[in-house]
Protein chains: 2
Amino acid sequence: MIAVEHSVPAGAAVFSEGDEGTGFYVVLEGRVKIFKLSAEGREQILHLFGPGDPFGEAAVFAGRHFPANAVALAPSRLLFFPRAAFVDLVTRRPSLALGMLAVLSRRLHRFARLIEDLSLREVPGRLAAYLLALPGAGSAAPVVLEIPKAQIAGLLGTTPETLSRILRKMSDRGLVRVDGPRIRILDRPALEDLAAGETRLA
Amino acid sequence: MIAVEHSVPAGAAVFSEGDEGTGFYVVLEGRVKIFKLSAEGREQILHLFGPGDPFGEAAVFAGRHFPANAVALAPSRLLFFPRAAFVDLVTRRPSLALGMLAVLSRRLHRFARLIEDLSLREVPGRLAAYLLALPGAGSAAPVVLEIPKAQIAGLLGTTPETLSRILRKMSDRGLVRVDGPRIRILDRPALEDLAAGETRLA
DNA sequence: CGTTGAGTTGAGCTCTGTCAATAGCTGTGG
DNA sequence: CCACAGCTATTGACAGAGCTCAACTCAACG
């Protein structure tokens, strides 16, 4: 199968909304964000992908153009698979098709949750859920945010200012301790209540 | 292939969030809505499906449980395909797998747009886009809403009250004429500007 | 140092959700 | 045939979450 390797510097666009989807990518190294922009320039992040993650496949199967923008957050190496060759391969390998179906299905799940968050939950609840889902949130040690807080805001569908304020409130109320990118979870049950929408941060 | 036919009265649940996804459905007749509920009971509609549409497939491929609720809006006849048989069939028929991939990809596209709407656009913009996308919005004849306005509110991520008010404003400003479920588009360019986020409904 | 970017904080404002009351329509049953 | 219940839709009053604009701090870096 023909695949082309591709290097992109931090901050560079991989593709933009509306571009023709001539194939899809796999992250070998680095980090890529997929996002939408509003007319005023606010940003909603749809995905953050790292090594091993494929992206842009939906454009290959559905229509022809990418529905969002892709930018490298760090210097990255990508593998590009041209459309035709990939469709061909999938046709020949049923297990590959099933794997692809599983990937897309999981992505639909995550989107459904994001929609639920944006429409039916408030920012403190989303943030609480996000913190609890962070790798390492189970241990007593502080969690370390892997991305700048502004990106987290974009992920949660809010602004850096609001994120900062809510984090402040959480720490005022003793739910967490914030030290730059290090966040220690102090009151897990309270965070869980927040995430479930059973509590306010009044 | 083993498929079971299934009749459900209006208002009846087909499945609920968290139920085990033992298979998927196809609508033969009627209408089914897929939705999420907030802790306070507000509702966000994810899909509205009619005759010919499959639903619940993602649960078959990804995890095991349905990520949302499904309720029949009208008396409906459904076809149920058990998981194992379907996976088997897809494995044997590559074209079927590709078709399924296309379905899921289109669904991802639509979800991405919904996320964009909820996060980056205001309700008037969403409503304008919705009206313009309605079948028959191209003609001079009035469009007829197929579902109650409360359902449209749930689809757009807002409440019936807000929807009503915005429709009122639009009609006050001469963008549309509203007569119950019949809506005539009077000022298409203005609606397009609204949908693009270039205008306010001040 | 000056500059740049990340993060925080304050003040103000607007959108939109909530609660409540009302009106119109439909179907049911006494 | 009428009263009443129930649903859809509309409108008003109100409150609050969160966005915007702006200033300021701090750390990293050339």
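Labels below follow one simple rule: chain letters A, B, ... track the order of the sequence lines, proteins then strands, and each chain is numbered from 1.
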Notebook entry, point to check: Can you tell me how far P of dG7(C) sits from CG of Leu163(A), to the nearest Å?
Noted result: 9 Å
Notebook entry, point to check: Looking at Ser164(B), does any N or O in its side chain come under 4.0 Å of the phosphate oxygens OP1/OP2 on dT10(D)?
Noted result: yes
Notebook entry, point to check: For Lys149(A) and dG5(C), what is the distance between atoms NZ and P respectively, to the nearest whole Å?
Noted result: 19 Å
Check: Atom CD of Glu161(A) and atom P of dA6(C): how far apart are they, to the nearest Å?
Finding: 13 Å
Check: Rounded to the nearest Å, what distance is computed from the CE atom of residue Met170(B) to the C1' atom of nucleotide dT10(D)?
Finding: 17 Å
Next item on the list: Compare side-chain N and O positions of Arg42(A) against OP1 and OP2 of dT20(D) and report whether any pair is under 4.0 Å apart.
Entry: yes
Checklist line | Phe15(A) CZ to Phe24(A) CZ distance, which is reported to the nearest 0.5 Å | finding: 12.0 Å
Margin query: On the nucleotide dT11(D), are OP1 or OP2 found under 4.0 Å from the side-chain N or O atoms that Arg168(B) carries?
Written below: yes
Next item on the list: For atom CZ of Arg110(A), decide whether the heavy atoms of other residues, nucleotides or ligands shown that lie under 6.0 angstrom number more than 12.
Entry: no
Next item on the list: Check every strand shown and say whether Gly41(B) touches a base, only sugar-phosphate, or nothing at a heavy-atom separation below 4.0 Å.
Entry: nothing
Item checked: Length of the CG-C1' vector between Leu145(A) and dG7(C), whole Å -> 12 Å
Notebook entry, point to check: How would you label the contact of Pro181(B) with the nucleic acid (heavy atoms, under 4.0 Å): base, sugar-phosphate, or nothing?
Noted result: nothing
Margin query: Expressed as a whole number of angstroms, how long is the span from Arg165(A):CZ to dC21(D):C1'?
Written below: 11 Å
Margin query: If you compare every side-chain N and O of Thr162(A) against the phosphate oxygens of dC19(D) (OP1, OP2), does one of them come in below 4.0 Å?
Written below: yes
Next item on the list: Could you tell me whether the phosphate oxygens of dG17(C), OP1 or OP2, come under 4.0 Å of any side-chain nitrogen or oxygen in Thr158(B)?
Entry: yes
Notebook entry, point to check: Is Ser105(B) reaching over with its side chain to a backbone N or O of Leu101(B), donor-acceptor style, under 3.5 angstrom?
Noted result: yes
Checklist line | Ile147(B) CD1 to Arg31(B) CZ distance, which is reported to the nearest 0.5 Å | finding: 6.5 Å
Next item on the list: Round to the nearest Å and state the distance from Glu40(A) atom CD to dT20(D) atom C1'.
Entry: 11 Å
